[in-house]
Amino acid sequence: MDLVVKNGTVVTSGSMAVSDVGVEGEKIAVIGPGLTGKREIDARGKYVFPGGIDVHVHLTPSYIPGADAPKRVDDFLSGSAAAVAGGITTIGNMTFQRPGETLREGVARDMEDARRNAVCDYVLHPVLTDPSERNLAQLPDLAADGHTSLKIFLLFEHFDARVADYIKAIQTAGRHGTISMLHCEDGALIRCVCQELLAKGLGAPRYYPNSRPVFTESASVERAVAIVRATGAPAYIVHLSSRAALDAARRGRADGLPVYVETRPIYLYLTRERFEEPDAAKYVGNPPLREVIDLQSIWHGLHHGDIQCLCSDHVGWSLEQKLEPGLNITTVRPGMADLETLMPMLYSEGVHGGRISLSRFVEVTSTNTAKLFGMYPQKGTIAVGSDADLVVWDPAALRKIEGSKMRSNAGYSVYEGRQVQGWPACTISRGEVVFENGEITARRGRGKWVRRGRTMAL
Ligand SMILES: [Zn+2]
């Protein structure tokens, strides 16, 4: 064997046993006892998980009309370094078109950027911001080329203006095995609430949670479920944050609809009380932080399977950018760095904290995402013939979260100072050790694009 991970407890979504994992080239070749290799990694007393898959990151600029924001601080290099340092071996970037570009032109541009810079594997999700006939006509070719996902913001003004075209896009995508990733917040309702708050002088960032109440999310999720009902096309609801929204998705799933739910770490660990702090703006994400009852409901959904995936929605803003004076509820900068902390925080609070099982941890951080995004079983499991994407996990490692010591250029973490138990000891991507002893050992640009098949039902 080229590489053997020895005596670790190998965990997949359906099994757990002490074993060696033998790697030849980029693939897992044997799983069993007594293997020897040119390089051997001692995993005694540690877990071996499939490398994490975070399909929701922003490592390239978004060209949203009118969004006149400064350049964000993370790119494919720093973002993918943060990923592997946190046990994640595949990332999915939101790829916006520049004005005038088609979906395929935008994808080609980001493909080149990722090819030069990424240290882990990646996929790209074209973001549909113009459902023109020309863009819709490209959906079958994108799917045939292996880009089987499409991102749509129900939030944007042009969604309501052109809803029939967007529904047609979701329908066309579904016919070609492409899953539609839906940002479910009702833009028209949010704009109305914001105007009311601004008129009352309540525009400061601390009122951000008031500006996007739960009903603006649940109404949008209801609409997404109705679109799935009408078209039969699969939909993946990104960063779901509230109990009411989860209830809406659950009703769709109970009827057998292909509705899938992603949540995001911040909704598991933080609540809206954070907005009473002086630097409230650093907690801004879309949707906003919610109440304790919502947080409990998200944990319940993860535990019971109503929520299938946990992804970071990583956006690299520096603290200065987030806290820039003069920003209000309509101009604050949403998103935060969370790639490196996604798996450690979930392990610590979820598995170590007794809220979810080890197999559930593997499902929501890797296996389910691989299936929904057409990468299974190449990615998302530990099996003979799968890519040797592995994370050797030290369940006893104690760490304090310190944003300034992490790989994101953001330089801060919303979990600053939290004590975490469990951290990657070593991350392996396609048979290559890319992170060990706290250091990134990967070469810039070694990451590969993953050609994807059709979305799988869960
Ligand atoms: Zn996002």
Side-chain angles (χ1 to χ4, degrees), residues 53-64 76 90-118 121-154 156 158-159 162-183 224 227-228 231-238 258-260 262 309 311 369-376 378-380 447-457:
I53 302 175
D54 183 347
V55 291
H56 190 161
V57 306
H58 297 266
L59 302 176
T60 50
S62 63
Y63 299 94
I64 302 166
F76 276 112
T90 307
I91 53 176
N93 187 63
M94 298 302 165
T95 289
F96 286 77
Q97 300 92 58
R98 287 180 181 162
E101 272 183 347
T102 65
L103 291 176
R104 298 191 84 179
E105 287 162 348
V107 164
R109 183 168 37 75
D110 272 5
M111 283 284 266
E112 183 56 21
D113 188 358
R115 189 186 65 76
R116 287 169 191 271
N117 294 300
D121 291 351
Y122 50 89
V123 301
L124 303 178
H125 313 294
V127 180
L128 187 65
T129 53
D130 173 16
S132 61
E133 275 190 34
R134 187 155 153 243
N135 275 332
L136 262 57
Q138 293 186 347
L139 293 175
D141 289 342
L142 280 163
D145 287 350
H147 301 285
T148 45
S149 52
L150 182 71
K151 173 80 181 283
I152 292 174
F153 287 80
L154 277 66
F156 292 164
H158 49 79
F159 180 83
R162 300 176 67 183
V163 65
D165 295 329
Y166 277 103
I167 291 173
K168 199 170 159 201
I170 293 165
Q171 184 172 41
T172 305
R175 285 188 185 139
H176 291 86
T178 293
I179 192 164
S180 291
M181 307 173 80
L182 305 181
H183 178 129
I227 293 171
V228 173
T231 60
Y236 175 91
I237 296 164
V238 297
V259 172
Y260 305 101
E262 169 198 282
C309 302
C311 293
T369 324
K371 288 178 176 170
L372 290 175
F373 289 85
M375 292 184 266
Y376 189 85
Q378 180 189 347
K379 306 282 192 195
K448 281 188 186 168
W449 173 63
V450 184
R451 180 183 295 279
R452 290 180 286 147
R454 298 174 73 92
T455 177
M456 264 168 107

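A quick note: this is a predicted structure, and the numbers were derived from the prediction, not measured.
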To the nearest 0.5 Å, tell me how far [X] [atom1] sits from [Y] [atom2].
{"X": "Met181", "Y": "Ile152", "atom1": "CE", "atom2": "CD1", "result": "11.0 Å"}
{"X": "Leu128", "Y": "Leu139", "atom1": "CG", "atom2": "CG", "result": "7.0 Å"}
{"X": "Phe159", "Y": "Asp165", "atom1": "CZ", "atom2": "CG", "result": "10.5 Å"}
{"X": "Met94", "Y": "Leu124", "atom1": "CE", "atom2": "CG", "result": "10.5 Å"}
{"X": "Asp110", "Y": "Glu105", "atom1": "CG", "atom2": "CD", "result": "13.0 Å"}
{"X": "Tyr260", "Y": "Lys371", "atom1": "OH", "atom2": "NZ", "result": "11.0 Å"}

Minimal heavy-atom distance between Pro126 and Leu103, with the atoms involved, is CB-CD2, 3.9 Å

On a heavy-atom basis, the closest approach of Ala370 and Gly380 is CB-CA, 3.7 Å

Check: [X] side chain, [Y] main-chain N or O, donor-acceptor pair, under 3.5 Å:
{"X": "Thr102", "Y": "Asn135", "result": "no"}
{"X": "Asp121", "Y": "Val450", "result": "no"}
{"X": "Thr148", "Y": "Arg454", "result": "no"}
{"X": "Gln97", "Y": "Val127", "result": "yes"}

For Cys309, the option from Asp54, Thr369, Val55, Val238 that meets side-chain contact (heavy atoms from CB on, under 4.5 Å): Thr369

Exercise: do Thr60 and Asn93 side chains pair donor with acceptor under 3.5 Å: yes

Residues in ring pair (Phe, Tyr, Trp, His ring centres under 6.0 Å) contact with [X], at least two apart in sequence or another chain:
{"X": "His147", "answer": "Trp449"}
{"X": "Tyr122", "answer": "none"}
{"X": "Phe76", "answer": "none"}

Below 4.5 Å, heavy atoms only, C-beta onward: do [X] and [Y] meet side chain to side chain?
{"X": "Glu112", "Y": "Arg116", "value": "yes"}
{"X": "Phe153", "Y": "Ser62", "value": "no"}
{"X": "Thr95", "Y": "Arg109", "value": "no"}
{"X": "Ser149", "Y": "Val123", "value": "no"}

For the aromatic rings, using the six-membered ring if either is Trp, is the centroid distance between Phe373 and His125 under 6.0 Å? yes

Test side chain to side chain donor-acceptor pair (under 3.5 Å) applied to Tyr166 - qualifying residues, sequence neighbours left out: His158

In residues 168-180, what donor-acceptor pairs under 3.5 Å come from side-chain atoms, sequence neighbours left out?
{"residue": "Thr172", "atom": "OG1", "partner": "Lys168", "partner atom": "O", "Å": "2.7"}
{"residue": "His176", "atom": "ND1", "partner": "Thr172", "partner atom": "O", "Å": "3.0"}

Just do the side-chain contact (heavy atoms from CB on, under 4.5 Å) check on His56 and Lys151 with the steps written out, would you? CA-CA 10 Å; His56 190 161; Lys151 173 80 181 283; 3.9 Å; yes

Which residue pairs satisfy the salt bridge (Lys or Arg N to Asp or Glu O under 4.0 Å) criterion with at least one member in residues 132-148, sequence neighbours excluded? Arg104-Asp141, Arg104-Asp145

